[in-house]
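Side chains are part of it too, since the values below use all heavy atoms of this structure and drop only hydrogens, waters and symmetry mates.
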Amino acid sequence: MPALLAVSLLWAFSFGLTKRFLADCDPFAVAAARLALAWLALLPWWRPRLLPPSEKVLLLAIGAIQFGVMYAAYNYCFGVLQAWQAALLTVITPLWVVLFSDLLERRWNARSWLAAGLSCGGAALADGRSWTDPALARGFWSMQLANVCFAAGQVAWSRWRRRGGGPPAQPNRVLCPPRGGGG
């Protein structure tokens, strides 16, 4: 729970920091820098040889949409929206996740729709007056593109994992030494 709290606080402050320091920067350059830093941070766990080429291409496509296009659209919206407006618009993401998931599964999950709808309703009640400004439409649609890309990536990656995608499970040799004999 402490890790979840720490990540939530970091995420909450990221809107104001992004607006203050990155709103005037090229959104594609910011997205590229952000992805490069994430790649460097995760490099110790990168094992490309464990995946077949077709899965590498699929994951590259999912990542390009979920993080590349999403970050570019997300960063663009800070040029036209206030930080709180961008944060508020992220609550629409669950609607997109439920929509994509239900379409791909060919089902209707009423509880998921209700939960996603309630989150959006709460956002609308928070400040419905400020959204009447036509100049905010670009920011709204940019944020929706970011939400759609993130939701599509989440659903695609989740389906890939459920199908058994990923490297075969191997015991951690440091934490779980082989059983029997020697050692």
Side-chain angles (χ1 to χ4, degrees), residues 1-48 50 59-60 62-98 100-101 111-112 114-127 139-140 142-162 165-167 169-176:
M1 191 60 134
L4 179 60
L5 179 61
V7 169
S8 296
L9 286 173
L10 182 64
W11 180 73
F13 286 108
S14 73
F15 293 98
L17 294 171
T18 301
K19 175 66 177 178
R20 178 170 172 104
F21 297 110
L22 301 174
D24 295 329
C25 298
D26 177 9
F28 294 103
V30 172
R34 201 171 184 166
L35 290 172
L37 290 172
W39 180 73
L40 286 173
L42 297 172
L43 191 58
W45 296 277
W46 190 39
R47 304 286 185 266
L50 296 178
L59 289 176
L60 183 63
I62 291 171
I65 292 168
Q66 183 177 0
F67 297 109
V69 177
M70 184 275 296
Y71 275 138
Y74 171 78
N75 290 325
Y76 172 81
C77 83
F78 283 98
V80 292
L81 296 177
Q82 297 298 317
W84 66 268
Q85 291 169 319
L88 202 57
L89 286 172
T90 63
V91 301
I92 298 173
T93 305
L95 282 178
W96 295 111
V97 171
V98 171
F100 294 149
S101 181
R111 290 179 67 185
S112 295
L114 178 62
L118 286 173
S119 73
C120 293
L125 290 175
D127 188 19
F140 174 84
S142 174
M143 197 63 204
Q144 291 319 297
L145 176 61
N147 290 341
V148 165
C149 289
F150 185 80
Q154 282 292 300
V155 170
W157 185 84
S158 176
R159 288 175 57 87
W160 174 77
R161 287 297 290 170
R162 272 188 276 137
Q170 295 181 359
N172 184 327
R173 297 290 181 218
V174 175
L175 299 176
C176 304

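- Residues Gly139 and Val80 come closest through the heavy atom pair CA-CG2, 3.2 Å.
- Separating the CZ atom in Phe150 from the CH2 atom in Trp96 is a distance of 15.0 Å, to the nearest 0.5 Å.
- Note that CG of Leu42 and CG of Leu37 are 11.0 Å apart. Values are rounded to the nearest 0.5 Å.
- Closest approach of Ala86 and Cys77 over heavy atoms only: CB-SG, 3.9 Å.
- Atom OG of Ser101 is separated from atom CD of Gln154 by 11.5 Å, given to the nearest 0.5 angstrom.
- Proximity of a side-chain donor or acceptor of Lys19 to a complementary backbone N or O of Trp84 within less than 3.5 Å is not detected.
- Listed for the Thr93 side chain is no donor-acceptor partner under 3.5 Å among the backbone atoms of Asn147.
- In this structure, the separation between CG on Leu89 and OH on Tyr74 is 11.0 Å, given to the nearest 0.5 Å.
- Residue Gln85 comes nearest to Gln82 through the heavy atom pair OE1-N, 2.8 Å, listed as atom of the first residue, atom of the second, then distance.
- In this structure, OH on Tyr71 lies 15.5 Å from CZ on Phe28, to the nearest 0.5 angstrom.
- To the nearest 0.5 Å, atoms CH2 (Trp45) and CZ (Arg47) are separated by 9.5 Å.
- The aromatic rings of Phe15 and Phe78 sit tilted relative to each other, their planes meeting at an angle between 30° and 60°.
- Surrounding CZ of Arg162 are more than 12 heavy atoms belonging to other residues, nucleotides or ligands, all under 6.0 Å away.
- Taking the side chain as every heavy atom from C-beta outward, Trp157 and Leu59 approach each other to under 4.5 Å.
- Counting all heavy atoms, side chain and backbone alike, Gly68 lies closest to Ala31 at O-CB, 4.1 Å.
- Here the closest heavy-atom approach between residue Gly153 and residue Gln66 is recorded as C-OE1, 3.3 Å.
- Met70 and Cys149 get closest at one heavy-atom pair: CB-CB, 3.8 Å.
- Within the 3.5 Å criterion, the main-chain N or O of Ala87 finds a donor-acceptor partner in the side chain of Thr90.
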